Amino acid sequence: MPTIVAISGSLRRKSFNTMLLNAVAVATPSGTTIEIASIRDIPLYDGDLDPASAALAPVRDLKERIASADGLLLATPEYNHSIPGVLKNVIDWVSRPATDIGRIFGGKPAAIVGATTGGGGTILAQAAWLPVLRALGTLPFFGKRVIVSNAAKVFSADGRLEDAVVRTQVEAFSVGFAEFVARHRLEADRS
Ligand SMILES: Cc1cc2nc3c(=O)[nH]c(=O)nc-3n(C[C@H](O)[C@H](O)[C@H](O)COP(=O)(O)O)c2cc1C
């Protein structure tokens, strides 16, 4: 069964981006598994840390989860019209050493979604991720978009997706990305 590792770029307990990932997981067809990975224990990037140290166990674990997954999904907040440092830090860690990039990310289906309390739907943050996805050699999914504005009105206090228009967007994305990941895995199995 194809597996997608999903990461929310916010540590907030009531993060709208985490709520959005949960909504994508619910809308994803039953033949595909979404695994939401925590980034809470990932330290700040420090090239002096011993790669084998206990502090970097969460980084090693996340790297292997991404490597063995069939797809990668990022839910990005937008900070100051760009990528949030919390999530960029995670992707920077799992891209080291650079000789591992091909094994972890090369040709891997990858998609970005995002939610903001503002009116811009994380369009600028999602666009800012594109050079990163390219640098890592991923296979970006551009089939459908999930751009959530005014997130406080879209999700209930307990995290349920309540907006019908956004739900339609999330369902189309979830089905489209699952198909994209499954198709790519089939092609990889054949070759
Ligand atoms: C440092 C900072 C900068 C922000 N800059 C933007 C921004 O440029 N555009 C935007 O739409 N929202 C911006 N926001 C608001 C976030 O979209 C909002 O806090 C959102 O809830 C964050 O996602 P989360 O709920 O998953 O934590 C910013 C928030 C913070 C903390």
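Just follow the structure's listing: the first ligand is 1, and inside any ligand the first atom is 1. All figures in this text were calculated on a predicted structure; none of them were measured in a lab.
- Ion pairing between R103 and E64 holds under the 4.0 Å rule for side-chain N and carboxylate O.
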query: Please walk me through it: do D163 and R167 pass salt bridge (charged side-chain N to carboxylate O under 4.0 Å, His left out)?
result: CA-CA 6 Å; D163 183 286; R167 185 175 299 118; over 6 Å; no

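- Of the listed residues (K14, E78, M19), the one carrying the non-hydrogen atom nearest atom 4 (C) of ligand 1 is E78.
- With respect to the salt-bridge test (charged N to carboxylate O, under 4.0 angstrom), the residues K63 and D100 qualify.
- V181 and I7 fall into different hydrophobic clusters, where Ile, Leu, Val, Met, Phe, Trp and Tyr side chains are chained together by heavy-atom contacts under 4.5 Å.
- For the pair R145 and F142, the cation-pi test (distance below 6.0 Å, angle within 45°) is failed.
- With F16, F155, Y79 as candidates, the residue nearest to atom 29 (C) of ligand 1 on a non-hydrogen basis is Y79.
- In terms of protein heavy-atom proximity, atom 11 (O) of ligand 1 is nearest to T116 OG1, 2.7 Å.
- In terms of protein heavy-atom proximity, atom 22 (C) of ligand 1 is nearest to P77 CB, 4.0 Å.
- Looking at atom 27 (O) of ligand 1, its nearest protein heavy atom turns out to be S10 OG, 2.7 Å.
- Taking atom 23 (O) of ligand 1 as the reference point, the nearest protein heavy-atom neighbour is N17 ND2, 3.2 Å.
- Tracing side-chain contacts under 4.5 Å through hydrophobic residues (I, L, V, M, F, W, Y), one never reaches L72 starting from F177; they form parts of separate clusters.
- With respect to atom 26 (O) of ligand 1, the closest heavy atom belonging to the protein is S15 OG, 2.6 Å.
- The nearest protein atom to atom 5 (N) of ligand 1, hydrogens excluded, is given as N80 N, 2.8 Å; this is a heavy-atom distance.
- Each of the following atoms of ligand 1 lies closer than 4.0 Å to a heavy atom of R12: 21 (O), 24 (P), 25 (O), 27 (O).
- Scanning the protein heavy atoms around atom 18 (C) of ligand 1, the nearest turns out to be T117 OG1, 3.4 Å.
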